Amino acid sequence: MGQRLEVFEPLEPGIVRMYVCGPTVYDYTHLGHARTYVAFDAIKRYLALRGYSVIHVQNITDIDDKIIDRARREGRDWREIVDTYSRDYFEMLQKLKISVHIHPRVTDHIKEIIEFIQGLIDKGYAYVAPSGSVYFDVDAFPGYGELSGRFHPEEWRQEEDVLREKKHPYDFALWKAWKPGEPYWEAPWGRGRPGWHIECSVMSSKYLGEQFDIHGGGQDLVFPHHENERAQSEAFFGKKPWVRYWLHTGYLTIRGEKMSKSLGNIIPFREASKKWSPSVLRLWLLSAHYRTQLDFSEGALEQAEANLRRLRGAVSDLARMLREAEPRGRLSDKELKALGEVVDAYYGFHEAMSDDFNTARALAAVLKLTRITNSTLIPGEYYTAGLLALRVYEEFNTVFAVLDDVLQGAGAPAAEMTEKLVEIIVSVRQELRKRRLFDLADSIRSELARLGIRLYDHPGGKTTWRIERMGD
Ligand SMILES: Nc1ncnc2c1ncn2[C@@H]1O[C@H](COP(=O)(O)OP(=O)(O)OP(=O)(O)O)[C@@H](O)[C@H]1O
Ligand SMILES: [Zn+2]
């Protein structure tokens, strides 16, 4: 609202109530949606890391013009459309490790929506038009435009098709009167269905209260959707501010254009996930700050894949070093210096995340730590500095969630067993090479590579290895 950074103070100490506008389920979820949902997931995870209890509500719009149009075009029932695409959306959430606490659906809240609209009519903020549609009377709410910074009624023109019956062209629909062939619910003003904006005012307050902390969505939702949600809610509850902090994600673009169904340039998540693992996608999506634009390119994903490999390699090497090395009472000057660099990375990560959740800078701090890990900690067998470095990777992973399996493995007996097995296979392969059975040695090497275990043959015959397997 203030167009500036503010210190975060939730309504109630220690608790964060967060509402994010979810999808209208009429088509496959694409990478643009994934960008927004991963961003809020990381925000939630970081707040949790900092000790807040976060309640995350993300709705599903399961009745809307777009859904009805699609059902009509395909000659299917609208509920089938909702079923197909909400399933696809849930699959994406699961693959990307996004855990939303409550997923309210519009059609489960019709009664509450009707009551809310009736309340707005009773308070003089809404009126029933001759058709039986109900509109919000924008002129009755003086704060309209404060969120989006649009104050000119001329810019507010909404719902052109119903201009005739609105008091002002900028009023927007709370309830849409039934037209033949459309799904409907009975209301005091006649049959119909809710407009788009009202659902979020109703469902957020039902689960989070009349005022809450964070409201999120893509930047395309600032106007009119969030402006309208805010007008409805502040009018209805008579409390200000309805939302303490508005957070909006920048667009995911492709060749500079917003990825969107209407532009026909979308990459469905399910297609993308055939080519890149969910961890690579997550790391890429978080490689930019949530408010900035992020452009899709194969090169950017390859970069994310390479970064993930480096992170995973460093963590698995570090875990192995920690199992083998021992604490050394006094730290050498060299280890002290290395420890200082690890501490810098630790603060670098938290400083970036505390500065409006800057995941781009947080990632850079951890990639720098990876260079230090590989060049100094592991070769130096620096136990104390290594232990702290592992802690940094763990906290990083609490937010980024791309190293779950390597970190779980770090210290677990299963990982140790794998290592011993790899050692045996590597020594058998050494023997084969000594006997000049290079075909066999090569096939062992490529079989291991398929499992993500990479062997490095050094001059002089020594072979080292590391686990680079992608976890998903
Ligand atoms: N390209 C994008 N980049 C970032 N966020 C996006 C993008 N496209 C959609 N979103 C966000 O995803 C959420 C779900 O949006 P919604 O279901 O309204 O999308 P949509 O209108 O179906 O998408 P499209 O723009 O492709 O038609 C919203 O918060 C929206 O802002
Ligand atoms: Zn909404």
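Remember, it's 1-based here, ligands and their atoms both numbered in the order they're listed. Everything quoted here is computed from the prediction, not taken from an experiment.
Atoms of the protein (N, O or S only) found under 2.8 Å from the Zn ion (ligand 2) are C21 SG, C200 SG, H225 NE2, E229 OE2.
Geometrically, K167 does not engage Y135 in a cation-pi contact defined by less than 6.0 Å to the ring centre and at most 45° from the axis. Both tests hold for R270 against Y28: distance to the six-membered ring centre under 6.0 Å, angle to the ring axis within 45°. Cation-pi contact between R150 and F223: present, with separation from the ring centre below 6.0 Å and deviation from the ring axis of at most 45°. Taking the ring centre of Y170 as origin, the terminal cationic atom of R157 falls outside the region bounded by 6.0 Å and 45° from the ring axis.
For G250, the closest heavy-atom approach to ligand 1 falls below 4.0 Å. The closest approach between H248 and ligand 1 stays at or above 4.0 Å for every heavy atom of the residue.
Taking atom 9 (C) of ligand 1 as the reference point, the nearest protein heavy-atom neighbour is H33 CD2, 3.5 Å. Remark: minimum distance from atom 22 (O) of ligand 1 to any protein heavy atom is reached at K261 NZ, 2.7 Å. The protein heavy atom nearest to atom 31 (O) of ligand 1 is D220 OD1, 2.5 Å.
Considering both main-chain and side-chain atoms, L252 comes within under 3.5 Å of ligand 1 through a nitrogen or oxygen pair. Any N or O atom pair closer than 3.5 Å counts here, and P23 shares no such pair with ligand 1. Considering backbone and side-chain N/O atoms, K66 comes within less than 3.5 Å of an N/O atom of ligand 1.
For R291 (side chain) and T249 (main-chain N/O), no donor-acceptor pair under 3.5 Å exists by modelled atom type.
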Start with the C-alpha distance between T253 and D295, add both sets of side-chain angles, then the distance that settles side-chain hydrogen bond (donor to acceptor under 3.5 Å, both in side chains), and finish with yes or no. CA-CA 5 Å; T253 56; D295 199 52; 2.6 Å; yes
